[in-house]
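Taking it in order: structure first as structure tokens, then the write-up.
Both counts, for ligands and for their atoms, begin at 1 and track the order of listing. In this text, all values refer to a predicted model and were calculated from it rather than measured experimentally.
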Amino acid sequence: MCGIVGYIGDKDILSLLIDGLKRLEYRGYDSAGVALCGKDFYLMKTKGRISLLEEKIKNSYTNGNYSIGIGQTRWATHGPPSDINAHPHFDCKKEIIVVHNGIIENYDEIKKDLIKRGHIFQSETDTEVIPHLIEEFYNGDIFEATIKAVKLLKGSFALAIFSKRESDKLVAVRKESPLIIGLGKNETFLASDIPALLPHTKSVVILKDGEIALLKKDSVKVVNLQGEDVEIETMEINWSIEQAEKKGYKHFMLKEIMEQGDILKDTLRGRIKNGEVLLSEIKDVEFLKNVKNIHIVACGTAYHAGLIGKYILTDILDIPIKCDVASEFRYENPNINKDSLVILVSQSGETADTIASLRLAKNLGAKTLGVVNVNGSTIFRESDEVLQIYAGPEIAVASTKAYVAQILTLLLFSIFIGKIKGVVHKDFEEYIVREIERVPELVSKVLQENEKPKEISQKIVNLDNAFYIGRLLDYPTALEGALKLKEISYLHAEGYPAGELKHGPLALIEEKVPTFAISTDERVFEKMQSNIKEVKARKGKVFSIVREDFKGIIEESDESILIPKTHMYTSPIIAVVPLQLIAYYTADLRGLDVDKPRNLAKSVTVEWGERNGSWSDSFRWTR
Ligand code: AGP
């Protein structure tokens, strides 16, 4: 998820582009760039925040004659953050200039073909194929050439394009990634999102999928992929800029919860095809075939995603699978060696304990796989293999969309390695891929039903304690539900394997201590029913997050939020959503700073009392 802007008019284009990019920086902030054209041409791009771009522009920009401009602030997906990979990108003659938000799924095959035709590429990005492809069709009409080129692109893309030879027009393209045109007097604006347009106009045209627009100072023309004219619908926006950054939601956390359905489509993009799981990012498939044991290591919410990965891998593979908290793993004496795979799960890719675990694993000869969100982060760079989760920037400290994307990525990996090891057969792969393809829609469906979570949060807002219980794949969901409530509403909560209640915690059950029972794993739903009876017998109130067909549990519970029937491997992605909402609404009802909870940081990049090198470095036992 990047942010792109465009402008055609007579205003000070450079400051307008920079201001627009700053208002979209929450969409991506690892590199940025602008290009302006008129009688003169100027292009500057750099790795790093927009403030660094401004620095570089200060030392190189001279006033000139400019009538159009485009810019982008990047959230790297293909090609790590660097000056070369920053946008804008251009063709061989540096005549066709493009900025992009999205992912070109078939960029590799297009690039190979274009190189055969003599094109020279500068960057590692998927985006750069676009100006080169347009160049193949270009004969002086950038609009026509773009229409021909985008027909060959697969994936999601919002584009702003211009040709140096035609500095009186901008071309905009939308497919799946958002793009909005801002209408002004004798000027036209373009942006990925409303915050960048609001300072200039409240009158906008939201481009629809498959639409291509020709922007001029005083006109806007929109066609479909067949080149047929499309009627333009203008709408008025009455949001404040802050509201717009959060898409009208009160907090980034709620915005990030509500966009999970869309985010999961990006996580799946180019990874499932014709009933198959394809992970082309994995380089050393041979190693996976012979791997003897797997360790998943992470912290906090990422650890809970790792636990779900452990349950699924244990169910599929017949080798030892462990899941450890990184701050423990890095100081223990893990039984890992050259036949081990260590999977490091981290949203930020910068968590100190997880990085130390990565380095320890490498020191012990293990192969490392980073499951990360931030491209170019330490874990992204230092892991032998990387699977990005494509959740986009996560601003709120409490992790939500990254969590569901981590689980989905670990599930894809589990099917992939199961296939390589010959234990996942075609029919099951096709079945589970069908189940996986339903997940984004089912998550969006559960998100629409958010009245019940609101009601339940009103019932617990003044309480002090809560329990979350689950079995097997529902146990990590219970842990995650408890963590979300704790970290943003400051209400004490504990996640517990349901079967453990009678070994102690049951003593705490009473009317004012509600229990959230998560039950989506059919292997143990009767057991869960009896655990709920145990709680009810002590006058405990039970709210269940339960699969719609588990009638017994629904009848036993005081209140239930129903989860659509899906495979036990995919249910945890859906079941956590109501728990995220309950935590959110409870914290909001308490009037707390939901996005920045006290005492917490989005990424824990230091270890208290950190000293160079971990204990085990100097006292390593030899195996
Ligand atoms: C989760 O909501 C918290 N922000 C925290 O537990 C987080 O999951 C943990 O610090 C790990 O962060 P990472 O995924 O960036 O490594």
Side-chain angles (χ1 to χ4, degrees), residues 30 75 251-257 260 263 267 296-309 323-330 342-359 368-383 386-410 468 476-491 493 495 576-577 579-584 586-587 592-608 610:
D30 58 45
W75 176 261
H251 294 100
F252 275 111
M253 183 180 177
L254 187 58
K255 171 195 171 262
E256 288 160 5
I257 290 174
Q260 293 182 110
I263 288 297
T267 307
I296 302 171
V297 182
C299 300
T301 288
Y303 167 70
H304 298 151
L307 265 180
I308 292 182
C323 185
D324 297 300
V325 170
S327 52
E328 290 293 300
F329 179 89
R330 66 177 291 186
V342 175
I343 304 177
L344 299 307
V345 185
S346 176
Q347 186 285 126
S348 62
E350 299 297 351
T351 299
D353 287 322
T354 312
I355 293 172
S357 301
L358 162 68
R359 293 173 179 161
T368 55
L369 164 63
V371 175
V372 292
N373 192 32
V374 179
N375 187 316
S377 61
T378 304
I379 293 175
F380 178 97
R381 282 180 282 112
E382 295 189 11
S383 299
V386 173
L387 287 174
Q388 271 182 261
I389 65 171
Y390 298 113
E394 191 173 63
I395 308 293
V397 167
S399 183
T400 52
K401 61 177 182 173
Y403 175 67
V404 293
Q406 284 162 348
I407 299 172
L408 189 54
T409 306
L410 287 167
Y468 290 71
T477 307
L479 288 173
E480 180 57 13
L483 176 61
K484 285 284 118 19
L485 192 71
K486 270 185 282 210
E487 69 176 318
I488 61 171
S489 78
Y490 314 152
L491 202 161
V576 76
V577 172
L579 297 175
Q580 295 168 337
L581 288 169
I582 289 167
Y584 170 78
T586 306
L592 299 170
D593 184 347
V594 173
D595 284 340
K596 296 190 180 66
R598 68 188 183 199
N599 308 341
L600 298 179
K602 180 63 186 167
S603 179
V604 184
T605 55
V606 292
E607 184 208 12
W608 292 121
E610 176 108 7

Item to check | Sequence-distant partners of D30, side-chain hydrogen bond (donor to acceptor under 3.5 Å, both in side chains), two or more places apart | outcome: none
Next on the checklist: What does the 4.0 Å heavy-atom contact list look like for ligand 1?
Outcome noted: C299, G300, T301, A302, S346, Q347, S348, T351, V397, A398, S399, K484, E487
Checklist entry - Looking at V374 and S377, what are the two nearest heavy atoms and their distance? => result O-OG, 2.7 Å
Checklist entry - What residues, two or more places apart in sequence or in another chain, satisfy side-chain hydrogen bond (donor to acceptor under 3.5 Å, both in side chains) together with K484? => result T301, E480, E487
Checklist entry - What closest approach, in Å, do V386 and F380 show between heavy atoms, and which atom pair accounts for it? => result CG2-O, 3.2 Å
Checklist entry - Is the backbone of I389 close enough, under 3.5 Å, to the side chain of N373 for a donor and an acceptor to pair up by distance? => result no
Checklist outcome for this item: Hits for side-chain hydrogen bond (donor to acceptor under 3.5 Å, both in side chains) against S327, two or more places apart or cross-chain, chain-then-number order -> none
